[in-house]
Structure formats: structure tokens, C-alpha cells
Amino acid sequence: MTTQESIRLPYPFPQTAFDTPRLSLREYRHSDAYALHAIFSDPGVMNYWSTPPHTSTDQTKVWLRRTLDSSNNGTTDFIITLRGTNIAIGKVGLWRLLPDPSTLGSDPNTLCPTLSSPEAGELGFMLGQEYTRYGYMSEALGVLLPYYFERLGLVRVIADVDPRNLPARSLLVKVGFEEKGYRKETFVVGGRLVDSVDYVLERHVWQL
């Protein structure tokens, strides 16, 4: 793989969309609320998320409104649908951009809306349970990682994973991430302290 310096997009990034053989990746919409609630209210999906399962559609709508207002909506963070449908089956993308490529395990409230050139981003992803084990997330990341590194010019993508979430850890290693650290008691979810494993994918490693 090679970077394409001449086509890097300026920040703030414009909205875009992607099609893969089986998926479409697009911006979040108000109409996604009920499909997203089915995912966010599922204890099996949310077992390793940073918050407990949503208990009402209104709770999901609040989350969705924040996402719709974010500059990352449809620029670095995307809804996943099956091609030919318009129903959200999950989400994938960089939910925050970071000013410093060395950022790892930093304050989750650190965003960079005023930066002219963010250098890193933190990856988050989820799928409805019935859509797991089909390789959909690998397929989505197969188009997003080139976009992040080549078009947006980011130098690093990081991910923070619950160490018990073996499928997510396996996925990250499969697409090239390296485990870089283990942090104790980083989140309180449902009254329970959970740890984090930090994963990193550097652009120069991805290019190899």
C-alpha cells in the first residue's frame, strides 16, 4: 500500500459514504433510532461497551442526537447497513479525533474540533448479534483504514477494548493492530470496574 499525498482531504472533513461487496457505510440519521436501540438495548452486545444497555428508546435518541451533531458523523464514523437495505445493523468508525499521534489512554472528552489537522483517531465498532461471525466488520475496516490513512492523512488509529472481549481483540489483530498496553479499572459499567487493553495501528505499519 502507498499513501497518496496529493489527495488528502482538508479538515474539517466532508461527509462521505462507502460500499463494499456486502455492506454500505453512511452517515447517521434520525431514522436510525429504533434500529440502533435494538442493538444498544441488547445485553449481549453491550456486555463489553462503555455503558450499560439502553433501557429506553429515548436514551438511544439522546446518544444519536449527540452523534448527529458531531463533526465525525459520516466523515470518520459510520452506520453499517447491508447493501440494498437502509436498516442500521451496527456502527464503525473513529468516534473522536486526536491532536497528538502519541495519544493513548487519554481523557475520553478530548476532542479536536478546532484543530486544522488531527493526527490520530480512536476506533469504536459494534454489530447486532445476528450479524456477527460473517466477517462484516473486517470488510468495513478494509475500506475505512485506507481512507483514514491515505485520504485523511492520519498517522495512528487506536482502540480501547475490554480484555474479556476476545472477538474484538482478534478482529483488531487480524486487520493489523498491535497490543500496546493494559490499564486497570478504566471504566465503571453497571457499577462494575473494568479494565482496558490498548491497541494501535500505525500508518507506517499498515503500509507494509
Side-chain angles (χ1 to χ4, degrees), residues 1-40 49-50 54 57 59-101 103 108-128 131 136-160 171 175 201 203 206:
M1 303 176 213
T2 58
T3 55
Q4 302 176 42
E5 301 283 345
S6 62
I7 60 172
R8 286 186 182 169
L9 298 172
Y11 184 80
F13 305 129
Q15 283 194 334
T16 189
F18 301 91
D19 284 327
T20 72
R22 298 181 294 172
L23 306 173
S24 292
L25 311 180
R26 59 158 174 82
E27 80 286 355
Y28 294 77
R29 300 169 184 168
H30 289 287
S31 57
D32 294 322
Y34 291 98
L36 285 174
H37 180 67
I39 299 170
F40 276 99
W49 201 248
S50 57
H54 290 190
T57 305
Q59 187 178 1
T60 304
K61 287 180 178 179
V62 169
W63 182 93
L64 180 57
R65 279 196 296 271
R66 288 199 304 266
T67 305
L68 288 167
D69 290 340
S70 168
S71 61
N72 300 324
N73 178 28
T75 62
T76 64
D77 197 16
F78 302 90
I79 282 289
I80 304 171
T81 73
L82 297 177
R83 279 193 75 168
T85 76
N86 203 26
I87 299 173
I89 66 168
K91 57 92 63 189
V92 60
L94 304 183
W95 61 274
R96 64 168 176 156
L97 298 175
L98 301 161
D100 182 350
T103 303
N109 294 314
T110 301
L111 304 175
C112 57
T114 61
L115 289 188
S116 60
S117 182
E119 296 189 44
E122 182 162 356
L123 181 68
F125 51 88
M126 61 166 33
L127 277 174
Y131 300 103
Y136 289 148
M137 200 59 72
S138 296
E139 191 170 315
L141 290 172
V143 296
L144 289 181
L145 292 174
Y147 168 69
Y148 296 147
F149 290 130
E150 295 185 337
R151 299 299 308 277
L152 304 189
L154 301 183
V155 300
R156 167 180 281 200
V157 175
I158 66 175
D160 173 345
L171 168 68
V175 298
L201 180 57
R203 183 170 66 197
W206 173 81

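Being a predicted model, the structure only gives us computed values, none of them experimental. Residue indices begin at 1 and follow the sequence shown.
Each of Leu123, Leu154, Val175 was evaluated against Leu145; a single residue qualifies, Val175, per the side chain to side chain contact (heavy atoms under 4.5 Å, CB included) test.
Two residues are said to be in side-chain contact when any heavy atoms from C-beta on lie closer than 4.5 Å; Arg22 and Leu82 fail this criterion. Counting heavy atoms from C-beta outward, Leu94 and Val157 have side chains that approach closer than 4.5 Å. Taking the side chain as every heavy atom from C-beta outward, Val155 and Phe149 never approach each other to under 4.5 Å. Between Leu9 and Pro14 there is a side-chain heavy-atom pair separated by less than 4.5 Å. By the 4.5 Å heavy-atom criterion applied to side chains, Asp77 and Lys91 are counted as neighbours. Contact check for Gln15 versus Asn73: side-chain heavy atoms found under the 4.5 Å cut-off. Side-chain contact between Leu144 and Thr76: absent, with no pair of heavy atoms (C-beta onward) separated by less than 4.5 Å.
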Practice prompt. Determine, stepwise, if the pair Arg156 / Leu201 fulfils side-chain contact (heavy atoms from CB on, under 4.5 Å).
Written response: CA-CA 6 Å; Arg156 167 180 281 200; Leu201 180 57; over 6 Å; no

Item to complete: Take Phe13 and Ser71 through the test side-chain contact (heavy atoms from CB on, under 4.5 Å) and record every step on the way to the result.
Response: CA-CA 8 Å; Phe13 305 129; Ser71 61; over 6 Å; no

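Checked against side-chain contact (heavy atoms from CB on, under 4.5 Å), Arg29 has the following partners two or more places apart in sequence or in another chain: Arg26, Glu27, Ser31, Asp32, Asn86. Qualifying ring pair (Phe, Tyr, Trp, His ring centres under 6.0 Å) partners for Phe125, counting only residues two or more places apart in sequence or in other chains: none. Taking Thr57 as the reference, Tyr34, His37, Lys61 meet the side-chain contact (heavy atoms from CB on, under 4.5 Å) condition, with sequence neighbours excluded. Residues passing the side-chain hydrogen bond (donor to acceptor under 3.5 Å, both in side chains) test with Tyr148, sequence neighbours excluded: none. Annotation: ring pair (Phe, Tyr, Trp, His ring centres under 6.0 Å) contacts of Phe18 (sequence neighbours excluded): Phe78, Tyr147.
Here the closest heavy-atom approach between residue Ser24 and residue Asp19 is recorded as OG-OD1, 2.6 Å. Scanning both residues, Ala35 and Ala88, for their nearest heavy atoms gives CB-O, 3.6 Å. Residues Glu122 and Leu98 approach most closely at N-CD1, 4.5 Å, considering heavy atoms. Nearest heavy-atom pair, Trp206 versus Pro146, reported as atom, atom and distance to 0.1 Å: CZ2-CA, 3.5 Å.
The aromatic rings of Phe40 and Trp49 sit perpendicular, their planes meeting at an angle over 60°, well past the 30° parallel limit.
Once rounded to the nearest 0.5 Å, the distance linking OH of Tyr136 with CD1 of Ile80 reads 10.5 Å. Atoms CD1 and CG, from Ile89 and Leu36 in turn, are 11.5 Å apart once rounded to the nearest 0.5 Å. Here the CG atom belonging to Leu97 is positioned 11.5 Å from the CD atom belonging to Glu119, to the nearest 0.5 angstrom. Note that OG1 of Thr85 is 11.0 Å distant from CZ of Arg83, once rounded to the nearest 0.5 Å. The NE2 atom of His54 lies 5.0 Å from the OG1 atom of Thr60; values are rounded to the nearest 0.5 Å. Atoms OG1 and CG, on Thr16 and Leu25 in that order, are 9.5 Å from each other to the nearest 0.5 Å.
Under the 3.5 Å distance criterion, with hydrogens and angles disregarded, a donor-acceptor pair is assigned to the side chains of Glu139 and Thr20.
Enclosure of atom CD1 in Ile87 is not indicated, since only 12 or fewer non-hydrogen atoms of other residues, nucleotides or ligands lie within 6.0 angstrom.
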Throw together a table of side-chain donor-acceptor distances under 3.5 angstrom for residues 63-70, partners on residues two or more places apart or in other chains.
| from | atom 1 | to | atom 2 | distance (Å) |
| --- | --- | --- | --- | --- |
| Thr67 | OG1 | Trp63 | O | 3.0 |
| Ser70 | OG | Asn72 | N | 3.0 |
| Ser70 | OG | Asn72 | ND2 | 3.4 |

